[in-house]
Amino acid sequence: MPSVSILPGPRARRARLGRLAGRTVSLALTLLGLMALTFLMGRLLPADPVLAVTGFEVDRATYDRVFLELGLDRPVWQQFLAYVGGIFQGDLGRSTTTGQPVAVDLLRVFPATFELALTAALVGSLLGIPLGIVAAVNRDRMIDHIARIIGLAGYSIPIFWMGLMALLVFYAKLRWVGASGRVDVYYEGLVPSRTGLLLVDSAIAGDWAVFRSAFAHLILPASILGYYSTAYISRMARSFMLEQLGQEYIVAARAKGLPRHAVVWRHAFKNIRVQLLTVVALVFAGLLDGTVLVETVFGWPGVGQYLTRGLQYNDMNVVMGTVLVIGLLFLAMNTITDWLYRRLDPRTR
Amino acid sequence: MSGTARPGSDSLGRPQGLRAWLDAEEPRSLRQARAQRAWRGWQAFLGHRLGVVGLVLVVGLVLVALLAPWLATYDPLIQVMDERLQPPSAAHWLGTDHLGRDIYSRIVWGARTTLRIAVLVAVIVAPIGLAIGATAGYLGGIADEILMRVTDIFLAFPGLILALGFAAALGPGINNAIIAIALTAWPPIARLARAEALTIRGSDYIAAVRLQGASRTRLITRHVVPMCLPSVVVRVTLNMAGVILTAAGLGFLGLGAQPPWPEWGAMVAVGRQFMFDSPWVVAAPGIAIAVISLAFNLFGDALRDMLDPRSM
C-alpha cells in the first residue's frame with residue numbers, strides 16, 4: 001500500500017518523535033515489569049528459594065553454597081539487578097534436570113513449537129476467516145448457527161481433553177495418525193536440521209518417508225490447536241464483517257447493482273483486512289498458551305513440554321526462564337501487531 | 001425519598017398485586033424503581049433462550065455441589081481394588097477408575113472443587129480489580145499511569161502461562177491454584193473499572209459530592225465503585241468460563257487440588273494411562289468441565305448482549 005504523505009511540518013514531526021519516545025519508554029518499562037514478575041516467582045514466592053533449586057534432600061554445605069550462589073545474602077534490589085543483568089547476557093540460569101543452560105535448552109526446543117503453532121495458525125486462518133465472513137453474510141441462517149456452535153465449543157471444551165479424545169479416535173481406533181513425538185522413533189535424526197521445521201527439512205532433503213511420518217505426527221496436534229484458533233478467528237471475522245455490512249457504502253454499492261459477492265469480497269473484505277491481520281497475530285501469540293497443554297498431551301518435544309517437565313521436577317530456573325521467554329514473545333508479537341496496524345490502517349494516523 | 005409504597009398497596013393504600021406494582025407506569029419510590037428495573041432486566045433475560053439454559057446449568061452446578069453428600073452414590077475416596085476400571089453399569093453409573101473409585105460420585109464431589117475455585121476467584125478478583133481500576137480512573141494522572149502500567153505487565157503474559165508460573169512457585173495445592181488464577185484474572189477487571197470510572201469522574205453528581213467536602217476515599221468507595229459494579233459483575237461472569245478452563249488445565253498438569261481429592265482436570269490426567277482400554281475414565285470428567293464452561297459462556301453472552309446490544 002503506497003503511503004500517502006501529507007508533508008509533515010516540524011511540529012508534526014516532533015509530535016511523532018515524542019510518541020515514538022513515549023512508546024519506547026513504556027515498552028522498556030513493560031520489559032522490566034516482566035522480569036520483575038518472573039523474579040518474584042523464582043526468588044520471593046517460594047518458601048525457600050534454595051530448596052526450590054536443590055530439592056529437599058540436601059546437606060548443610062550445599063545449602064550454604066547455593067544460598068550464596070543465588071546471592072540471597074544480598075538485598076533484594078541487588079539480586080534483581082543481577083537477575084536482569086544476567087538476562088541481558090542471555091543467562092537464564094541452568095536447568096537442574098537437563099544440566100544445560102535454560103537458554104540453550106529453549107533454543108533447542110523452540111523450532112518444534114514454532115512448527116506446531118505456525119501450522120495451527122495457518123489452519124485457523126484458512127478456516128476461520130471464510131467461516132466468519134460467510135456467517136456474517138448469512139446472519140441467523142444455518143451456516144451462522146454452525147459457526148456459532150464451533151465457536152462455543154472452542155471456548156468451552158478443555159483443549160487437553162479434546163486432544164486426548166482425538167488421540168483415542170484417530171490414533172487408537174482408526175490408526176490414521178502417529179502417536180506422540182514429532183516423528184516415528186526410527187526416523188529420528190535422519191534428516192539434517194536446516195530450519196528446525198521437520199516438514200521443511202525433510203522436504204529439502206527429499207526424504208519423503210520422514211516427511212510422511214512427520215506429517216502424520218503433526219496433523220493431529222496442529223488441527224486441535226487450529227480448531228481453537230478457528231473458533232476465535234471466525235468469531236472476530238464475523239463481528240468485523242457485520243460492522244462493515246451495516247455501513248452506508250455497502251448499501252450504496254448494492255444499490256448500484258453490484259452482485260453480493262463482489263460487495264462482500266471486493267469492498268467490505270478490503271476494509272477488514274488490517275483488523276484480521278491483527279487478530280491472526282494475536283491468535284499466534286495466544287497459541288503459546290494452548291501449546292503447553294497440547295504438547296503435554298501429544299508428547300511434542302517443544303517449549304510447552306519443556307515447561308511442564310520443569311514443573312514436574314520443580315526446576316524453577318526452567319519455569320522462570322520459559323515463562324519469561326513466552327512473555328517476551330507475546331510482548332513482541334503484540335508490539336509488532338500494533339505497529340503493523342498503525343502502518344497499514346490510514347485511519348489510525 | 002421515602003418508601004411509602006409497599007408491595008401489595010400503592011401510596012393511597014389501594015391493594016395491588018406484586019405484578020401490578022412491578023409493572024406500574026411510574027415508580028413511586030426508589031425501591032420500586034429498582035425492583036422494576038431488575039424485573040424488566042429479568043424479563044429481557046428470559047428472552048435469551050440460550051442464556052437461560054446457561055443459567056439453569058450454573059444453578060445446577062451449585063445444587064450438585066451443595067447436595068453432593070446426598071447425590072453421590074459412593075464415597076468418592078473409597079478404593080475397591082476388585083472393581084478397578086469397571087465400565088459404566090447400574091451399580092457404577094459412569095464406571096470406576098484405576099483404584100476402583102466410583103467416577104459418578106467423584107464428579108459430583110468434584111463439582112464442589114470447581115465451584116469453590118470459581119467463587120473464590122470471583123471474590124478475590126472483583127474487589128482487587130474494582131479498587132485498582134476505580135482508583136486509577138478517578139485519580140488520573142501519575143497514579144493512573146503507574147496502576148495501569150502494572151496492569152499491562154500482568155496482561156503481557158498469556159493467562160495460563162502466568163498462572164502456571166505462580167502455581168509452580170507457590171507449590172501445588174488448590175488454594176495456591178486459586179491465588180495463581182486470581183493473580184492472572186484481575187487485570188481485565190481493573191481495566192474495565194478504570195474505563196467506567198473515567199466516564200463517571202466528570203459527571204455533575206461527583207462534582208456536587210466533592211463540593212460537599214467528601215474525601216477522596218469516600219468519593220471512590222461510596223460514589224465511583226458502586227457505579228462500576230454492574231459491568232464488573234458481568235465481566236467476572238463472562239470470564240468465569242476461562243477461569244474454570246485454566247483451573248482444569250492446572251489440575252491436569254498436577255498443580256490444582258491434590259490427590260486423592262476429586263478434581264475434574266486431575267481426574268482426566270490420571271485417567272490418561274488407562275484411556276485406550278477404559279475411555280470412560282477420561283470422558284466423563286472432561287464432559288463435566290465442558291458443560292460448566294459452556295454454561296458460563298452462554299449465560300455471560302446473554303448478559304453482555306442485554307447490556308450492550310452493539311456487540312452482537
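We use all heavy atoms of the structure for the numbers below, so side chains are in, but hydrogens, waters and symmetry mates are not. In what follows, every chain begins at residue 1, and chains take the letters A, B, ... in the order their sequences are listed.
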Using heavy-atom distances under 4.5 Å, tell me whether [X] contacts chain B through its side chain, its backbone, both, or neither.
X: A:Thr30; value: both
X: A:Ile159; value: neither
X: A:Val323; value: both
X: A:Ile157; value: both

Pick from [options]: which one has the most heavy-atom pairs with chain B under 4.5 Å?
options: A:Thr38, A:Leu152, A:Leu324, A:Leu329; value: A:Leu152
options: A:Leu328, A:Leu34, A:Leu311; value: A:Leu34
options: A:Val319, A:Leu168, A:Leu331; value: A:Leu168
options: A:Val292, A:Thr322, A:Ile326, A:Leu307; value: A:Ile326
options: A:Leu293, A:Leu32, A:Thr308, A:Leu164; value: A:Leu164
options: A:Asp289, A:Leu167, A:Leu288, A:Leu37; value: A:Asp289

Next on the checklist: The test is salt bridge (charged side-chain N to carboxylate O under 4.0 Å, His left out); show your working for A:Asp315 and A:Arg309 and say whether it passes.
Outcome noted: CA-CA 8 Å; A:Asp315 193 341; A:Arg309 284 259 166 85; over 6 Å; no
Counting only non-hydrogen atoms closer than 4.5 Å, does [X] touch chain A with its backbone (N, CA, C, O), its side chain (CB onward), both, or neither?
X: B:Leu253; answer: side chain
X: B:Leu155; answer: backbone
X: B:Leu50; answer: side chain

Next on the checklist: Within the supplied structure, the quantity of interest is the number of heavy atoms (other residues, nucleotides, ligands) at a distance under 6.0 Å from A:Glu243 CD; does it exceed 12?
Outcome noted: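 At most 12 heavy atoms, drawn from other residues, nucleotides or ligands, come within 6.0 Å of this atom.
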Next on the checklist: For A:Tyr171, I'd like to know if atom OH has over 12 heavy atoms of other residues, nucleotides or ligands within 6.0 Å.
Outcome noted: no
Item to check | Any side-chain heavy-atom pair of A:Ile133 and A:Ile272 under 4.5 Å | outcome: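 In short, these two side chains touch, coming nearer than 4.5 Å.
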Next on the checklist: Measuring from atom CZ of B:Arg106 to atom CH2 of B:Trp261, what distance do you get when rounded to the nearest 0.5 angstrom?
Outcome noted: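 With rounding to 0.5 Å, CZ (B:Arg106) is 9.0 Å from CH2 (B:Trp261).
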Next on the checklist: Can you tell whether the side chains of B:Asp152 and B:Arg149 come within less than 4.0 Å, N to carboxylate O?
Outcome noted: yes
Checklist entry - Would B:Asp301 and B:Arg304 satisfy salt bridge (charged side-chain N to carboxylate O under 4.0 Å, His left out), going step by step from the backbone distance to the final call? => result CA-CA 5 Å; B:Asp301 279 356; B:Arg304 193 196 49 201; 3.7 Å; yes
Shorter than 4.5 Å, heavy atoms on both sides: which option in [options] has the most such pairs with chain A?
options: B:Leu255, B:Ile287, B:Ile244; answer: B:Ile287
options: B:Pro158, B:Ala168, B:Gly254, B:Ala248; answer: B:Pro158
options: B:Gly249, B:Gly286, B:Ala241, B:Gly265; answer: B:Gly286

If the plane angle is over 60° it's perpendicular, under 30° parallel, otherwise tilted; pick one for [X] and [Y].
X: B:Phe252; Y: A:Phe160; result: parallel
X: B:Phe154; Y: B:Phe166; result: parallel
X: A:Tyr83; Y: A:Phe39; result: tilted

